[in-house]
Structures are given as C-alpha cells and as structure tokens.
Amino acid sequence: MKASQITVSTLKEVPAHADVISQQLMLRAGLIRQLASGLYSWMPMGLRVLRKVENIVREEMNAAGAEELLMPAVQPAELWQESGRWQKYGDELLRLTDRHDREFCVGPTHEEVITDIARNELKSYKQLPRNFYQIQTKFRDERRPRFGVMRAREFIMKDSYSFHLGTDSLAETYQTMYDTYCRIFSRIGLNFRPVEADTGSIGGNASHEFHVLAESGEDDIAFSTESDYAANVEMAEALSPISDLAERAAAGDAMSKFDTPSQRSIAEVCELTGADATETVKVLLVQGANEEQPVIALVLRGDHELNEIKAEKLPEVAEPLTLVNDDQIKAAAGCDAGFIGPVGLNVPMIVDRAAAANANFICGANENGYHLKNVNWDRDCDEPANVKDIRNVVAGDPSPDGKGTLEIKRGIEVGHVFQLGQKYAEALGAKVLDENGKNTTMDMGCYGIGVSRVVASAIEQNNDDRGILWPEAIAPFQAVICPIGYKKSEAVSAKCAELYDALTAAGIEVLLDDRDIRPGVMFAEWELIGVPHRFTIGDRGLDKGIVEYKQRRAESSEDLAADDIAQLAAKVSA
RNA sequence: CGGGGUAUGGCGCAGCCUGGUAGCGCAUCUGCUUUGGGAGCAGAGGGUCGCAGGUUCAAAUCCUGCUGCCCCGACCA
C-alpha cells in the first residue's frame, strides 16, 4: 500500500487527558480517536493492528476446535431475568427500551444468549462437547472509564463458551483453552503470565486469568520467587507465619492501658509508641449473615489489609461485604472506630492467621481515647476460636505452595478462562439426553480475551521515547519504504518500486511512503507508529550502491547492497 | 456514586484576578526557497470562548444553574 492511501494523522504533542503511555501513543500515532468517555474510534492504522490480533485469536481458536458464530449485541431483558442477572448485574448493564416499551440491554457478556442457543440446538450428548466463540463489541457502563481502550466502556472481546456432559469433559476443554491462550499471547509477542484467579460467587472448579505484566496494570499479582506459582492477590492464600499457634511468642509484661487521645489509626498509634505495625492488631466490624449475629468482628494484624473477597465467602459474613455504620460500632464495641480491640469485645470474631499468631500486641481498648499494650490471646482475651485467612498477601509472605516467598507485580488482565459449571445451564434449563436417555444439565466453561485491551497492553510493554515498538505479529505494517526525493529522482522511485514489488511478492505487508514530505517528518512518523522495518532509499545512497535498512528496535541502521533485493527482503522475514 | 480539577479553532495553551468585542505554538491551505531527522520566509482559512439564565451601556472575563471531559477514591468483571 502507498502511504497516501491510508490516513496518517500523528500528533507532536501529548494529548492533555491521556495519562498512560499506551493511550498517549495510540492517540499520538493516530490509531484511535476519542468520541466520548470510554468510547473510541479505531482509525485505519489502529484497526489494522486490532485485526491482526483478532486473526491470531481466530486462527488459534479454530485450531483448538472452537466454532465461530456471532450473537446480537442487544439482548432481551427476559433472558437476563431468567438467569437472575437483570437484578444482580447493577448499573454496569446498559439497559434500554424499544418503541414497544420492551426492555433490552447492550450485552456486557453473552452467557445468557449462548445458553439460549445451546438449549435450543443441543439435544443429545452425542453433540457434545461444543465450543462456540465470537469476536464482538461489548458494552459495560464502567463508573470510571480510564486509560484509553484499556478500560473503555465499549470494547472488543473474544468470548467463547463450551458445553459438556460432565465435568471431566469440561476440564479437558478448559485445559485446551488454557493452552490455546498461552499460544495466542505468545504469538502476539506479549510478556504474560497465567495466574490463578478467584472463582467468585459463581463457584466452579477452576479459573485462571492471563496477565500482561506492566506497571500501569490495575491488578496485583503474587508470584513465587522459587516456583511457577502465580495468583491474583484476591486469590493468593496467606499462610500463618507460624506452623502452630502453640509456637506463639511467650506472653511478657502484664497487659496495660495507655492514653491515645487522638490516635485512631494504626500509623498514629505506632508513631506514638514507636511500635511496628506488625506488633498491632486491628478490628473491622462488618455485617453478619444472619439476624442472630448482626455484627461480625474481623481481626487483622495492623499492617495487613482485609481481602474482601475472602471475607465475603465466609458463611458468617453478609454478602456483599458491608462495614457497619458508626452507630452500630458504638453499640457493639462501646467506642468509636479507631479504638476497637478484641479484649472484652462481645461480638463473634474471625481472626486472621497472622493476627492470631501475634503476642504482646497493641490494640484498641474498646474505650475512646485508649489502647492496650502487651495484649496476649488466651491470657488477656479468649483464644481465637475462628482463625481464617482473610487478608491480602504482601510481598515477602511465604508462597502458598511452600516454595519461596511472594513478590507482587502489577498486571493487565487480557484473558480469563473459567469453569462455570451448571449455573447458567441450570437457570435457563439447558439440558441434553445422556446415554441412558435421561435429561441432564450441561456443564459450561467460558473463556474471554480483551482484544482491544491486548493492543493497548502490547504498547505498554513495547515503547520507547520515539513511539511504539510493535511486536512483528501485530504491527500495522511490517515494513515501510522511505524514499528521499521520490518525486524528483527516477533512480529512487524505480528502486522503491522494485523493492516494494519484491517485498509484496514475499508476502510482506509493506508501505511505500509516496508522500512529498521531508525525511525528518517521515522518519518521526513511522517511528511513532512503530513499523518494525524501515528501508531508506535516496540518491545519496544509490550513488554508492546502497539502501539503508533500520530495524525499529536497533540502535543504528545498516547499509545494504541496493542490487541485492533478495537480501533486503530477507531482512524483514528474518 | 463521593471528593477535586477543568472547559477558549483539529491538538497544546495564554487571556479571566482588575469587564471594552479573542491571541500564541503546532496542524491545515497558497506561493517561493529548501530537501537524510518533526524546515525557512511571505500570505490565508478556521473559534457566537461547553450550554442556559442573570448583572452591566458592554461579559471569554463577574454571579447562578446545568452539562461534558479528566484525576483521586469507592464499586465492579
């Protein structure tokens, strides 16, 4: 293609409202333009990249035995009412009403529609397993869209759904999808990691997220220093610092109360006493799951954070997790938030493993203006009866698999595979006849890839001060020919045409910059856009019989024989 | 949804405090010169200053309300 045939609209200046590098570069390189908050147009150059990603996904999905279909973006409310999600999904679901006053939503995901298809089309176990996928626009009305297409409201997703008779078949396809995802992200050229993920309220046996490692990621991922263990911190198990509570440090001086007139936070109490936050214990009061126990105390070591997902799963705790209000705190603990402690607290307690392992600790006195020190379980208050893992792991914690310690890195979730089980099939009555002629509810898996997010995350990992450094597989063009004096010199235009034809014949997507612009502008634009291979052809070089070649990532260019077209073409495929 | 910021040509900004009829850089167009790293000179086009009210002889500027966009947080797949 000639450059004059594709819209190239680069910006010299960084757009004011773009604050992650991928968004800045996508705007500057003219790959996308913003229409409204969380809504972006894909410009021709950007769309080429998006299509490359889609095609890799499509090839690998097909190779894995999945079938492509396409479902409507707009879905009737009735289906969502059947699954129960019309109520549960909340404001992220964009709802609309048609001219007949019938309710619809713009699909944020397609479990309902695919399950409807499955219950109508799949009647026999002989038709199973099946794995359907689509690459399609989704809409989630995010409260705060940000980071450009990384967290947009409208985005492109590859979503697939598999149907099975029995969980063994599901597990098999799940593994196939897991492997397929690894191949897809490897082919795209991303530095990624599959990590164990929370299965959430849906339950199910297994779930993995695929994360691209980047500082701008919104998720924290815990990695073992010594093994392959990797998990979302939502999921990573926090082990007790001691193997048995009997190993707790021996109780020292007697418990005593001290003044903390204005010290409400752990940090303030530590500053006052000179203690480390690890030597403290804090208490959070949350709503209980039933009437008899309206308030539950969650006890953590002062330096730890509550993991809301872990806490929410406990049968004693109300779902969704809700902190009790100030009046309830006063009623339950006899003091304000900031002075609550386990000593004499007449509320059912769930104690985190690390808090339970503490001895001679500092905690609130359940009396405004006072804390306690040298507190010990058993001696000063009841031995914790209910010890659970309810905190987020932190860097330096032991790895749950017993090998090494954990480190925490930021990740961008680009894929998610999930064993759904029978949740949707059950709700919508998706059943097949089994070998015995008996109606059996199908098992389901679902597998998603954020296609548009993949593009942004590839840039997050591959850029320099001049622009984007596309991985070969998803570059909008593999090579660009930059003529110097294209319209002035016949030698230049002839050599450009010769190289262009040779590269095209070799199946390389090459762009010939036939625009009558200055070389500096041309170089700057293609470096910003990130085309991996560049040939510069000018009279100056041709007089010496050379064509200049530069790899986008290379420090400097190299001179190649202008006559050896095969050698030139080989540079791109190499 | 809570808190904060901001809104002036396609992009980035100044002007606002102290009201007097809109400006700079980039981009765009024309001409000439230039042509191996975002050119120079000369000229040109493009904005009812987010919207709606109000104050005033006069509002980009002061006041009120609304809206968009952005940031922080909470929330969520």
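Here is the naming used below: chain letters follow the sequence lines, and residue numbers restart at 1 for every chain. Keep in mind that this is a model prediction, so the values were computed, not measured. We use all heavy atoms of the structure for the numbers below, so side chains are in, but hydrogens, waters and symmetry mates are not.
- Closest contact between the side chain of Ile484(A) and the listed nucleotides G38(B), G37(B), U35(B) involves U35(B).
- Under the Watson-Crick or G-U wobble criterion, with both distances below 3.5 Å, A7(B) is paired with U67(B).
- When distances run from any side-chain atom of Asp219(A) to the nucleotides A77(B), G38(B), G37(B), the shortest one goes to A77(B).
- Nucleotides U67(B) and A74(B), compared at atom C1', are 24 Å apart to the nearest Å.
- Going from the P atom of C63(B) to that of C41(B) covers 42 Å, rounded to whole Å.
- Comparing Arg151(A) and Gly520(A) along RNA chain B, the residue whose closest nucleotide (by nearest heavy atom) sits nearer the 5' end is Gly520(A).
- Between Tyr89(A) and Cys105(A), every side-chain heavy-atom pair lies at or beyond the 4.5 Å cut-off.
- Here, U61(B) and U21(B) have their P atoms 14 Å apart, quoted to the whole Å.
- The CZ-P distance, from Arg515(A) to G38(B), rounds to 15 Å in whole Å.
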List, with names and distances, any nitrogen or oxygen atoms from the protein found under 3.5 Å away from nitrogen or oxygen atoms belonging to nucleotides 23-25 of chain B.
{"from": "G25(B)", "atom 1": "N2", "to": "Glu13(A)", "atom 2": "OE1", "distance (Å)": "2.7"}

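- Across the protein-nucleic acid pair, Leu306(A) atom CG and C75(B) atom P stand 10 Å apart, rounded to whole Å.
- Residue Asp91(A) is classed as having no contact, given no heavy-atom separation below 4.0 Å to the nucleic acid.
- Here Arg144(A) lies in heavy-atom contact (under 4.0 Å) with a base.
- Donor-acceptor pairing under 3.5 Å is lacking for the side chains of Thr173(A) and Asn131(A).
- Comparing the P positions of G12(B) and U30(B) gives an interatomic distance of 25 Å, to the nearest angstrom.
- Comparing G46(B) with A27(B), their C1' atoms sit 12 Å apart, to the nearest whole Å.
- When the C1' atom of G38(B) is taken as reference, atom CG of Leu528(A) falls 10 Å away, rounded to whole Å.
- Protein atom CD of Glu218(A) is 11 Å distant from nucleotide atom P of C71(B), rounded to whole Å.
- The cationic atom of Arg48(A) (NZ for Lys, CZ for Arg) lies less than 6.0 Å from the six-membered ring centre of Phe477(A) and within 45° of the ring axis.
- Within the nucleic acid shown, Ser9(A) has no heavy atom closer than 4.0 Å to any nucleic acid atom.
- Whole-Å rounding puts the Glu209(A) CD to C76(B) C1' distance at 13 Å.
- To the nearest whole angstrom, the two P atoms, one in G4(B) and one in G40(B), are 45 Å apart.
- You'll find that the side chain of Arg146(A) is closest to C71(B), out of C71(B), U35(B), C69(B).
- Between the CD atom of Glu234(A) and the CD1 atom of Ile221(A) there is a distance of 8.5 Å, given to the nearest 0.5 Å.
- Tyr447(A) and Ser162(A) share a donor-acceptor pair across their side chains, judged by distance under 3.5 Å alone.
- Taking atom P in both G47(B) and C11(B), the straight-line distance is 14 Å, to the nearest Å.
- Contacts of residues 536-546 of chain A with RNA chain B (heavy atom under 4.0 Å): Thr536(A), Gly538(A), Arg540(A), Gly541(A).
- Paired with Met1(A) under the rule side chain to side chain contact (heavy atoms under 4.5 Å, CB included), one option of Val510(A), Leu511(A), Leu512(A) passes, and it is Leu511(A).
- Between the side chains of Tyr424(A) and Arg85(A), at least one donor N or O lies within less than 3.5 Å of an accepting N or O.
- Counting only N and O atoms by type, the side chains of Lys138(A) and His110(A) include a donor and acceptor under 3.5 Å apart.
- Minimum atom distance to the side chain of Pro15(A) is reached by G12(B), of the listed G12(B), G37(B), G38(B).
- Checking A39(B), C26(B), C75(B) against the side-chain heavy atoms of Arg143(A) singles out C75(B) as nearest.
- Positionally, the nearest nucleotide of RNA chain B for Glu527(A) lies more toward the 5' end than for the other of Glu234(A) and Glu527(A).
- When distances are taken from the side chain of Ala16(A) to each of G12(B), G37(B), A77(B), the shortest belongs to G12(B).
- Across the P atoms, G45(B) and A22(B) are found 15 Å apart, a figure rounded to whole Å.
- The CG-C1' distance, from Leu11(A) to A27(B), rounds to 9 Å in whole Å.
- Of the candidates G38(B), C75(B), A77(B), A77(B) carries the atom nearest the Tyr89(A) side chain, counting heavy atoms from C-beta on.
- The aromatic rings of His208(A) and Tyr174(A) are tilted relative to each other, their planes meeting at an angle between 30° and 60°.
- Counting non-hydrogen atoms under 4.0 angstrom, Leu27(A) reaches nothing in the nucleic acid.
- Base pairing of G31(B) is made with C41(B), judged by Watson-Crick or G-U wobble geometry with both donor-acceptor distances under 3.5 Å.
- Using Watson-Crick or G-U wobble geometry with both donor-acceptor distances under 3.5 Å, G73(B) finds its partner in C1(B).
- Base pairing annotation: G23(B) forms a Watson-Crick or G-U wobble pair with C13(B), both donor-acceptor distances under 3.5 Å.
- One can place CG of Asp513(A) at 19 Å from P of U35(B), the figure rounded to the nearest angstrom.
- Nearest nucleotide to the Pro519(A) side chain, out of C69(B), U35(B), C76(B): U35(B).
- The residues Lys487(A) and Asp516(A) are annotated as not salt-bridged, no charged nitrogen and carboxylate oxygen being separated by less than 4.0 angstrom.
- U48(B) is unpaired under the Watson-Crick or G-U wobble criterion, no partner having all donor-acceptor distances under 3.5 Å.
- Atom CD in Glu218(A) sits 11.0 Å away from atom NE2 in His211(A) (nearest 0.5 Å).
- Here Asp514(A) pairs with Lys2(A), Ala3(A), Ser4(A), Tyr486(A) under the side-chain contact (heavy atoms from CB on, under 4.5 Å) rule; sequence neighbours left out.
- For A27(B), one of the phosphate oxygens OP1 or OP2 lies less than 4.0 angstrom from a side-chain nitrogen or oxygen of Lys12(A).
- Residue Arg534(A) is in base contact, counting any heavy-atom pair closer than 4.0 Å across all strands shown.
- If you check C76(B), G38(B), C69(B) against the side chain of Glu92(A), the one that comes closest is C76(B).
- Counting any heavy atom pair closer than 4.0 Å across all strands shown, Glu413(A) reaches a base atom.
- An OP1 or OP2 oxygen of A77(B) is reached within less than 4.0 angstrom by no side-chain nitrogen or oxygen of Thr109(A).
- One finds a salt bridge joining Arg534(A) and Glu527(A) here, because a Lys/Arg side-chain nitrogen approaches an Asp/Glu carboxylate oxygen to under 4.0 Å.
- Following rounding to the nearest Å, Leu35(A) (CG) and G68(B) (P) show an atom-to-atom distance of 14 Å.
- Phosphate contact (OP1/OP2 of A77(B), side-chain N/O of Arg140(A), threshold under 4.0 Å): absent.
- Summarising the geometry, atom OH belonging to Tyr161(A) is positioned 9.0 Å from atom CG belonging to Leu420(A); distances are rounded to the nearest 0.5 Å.
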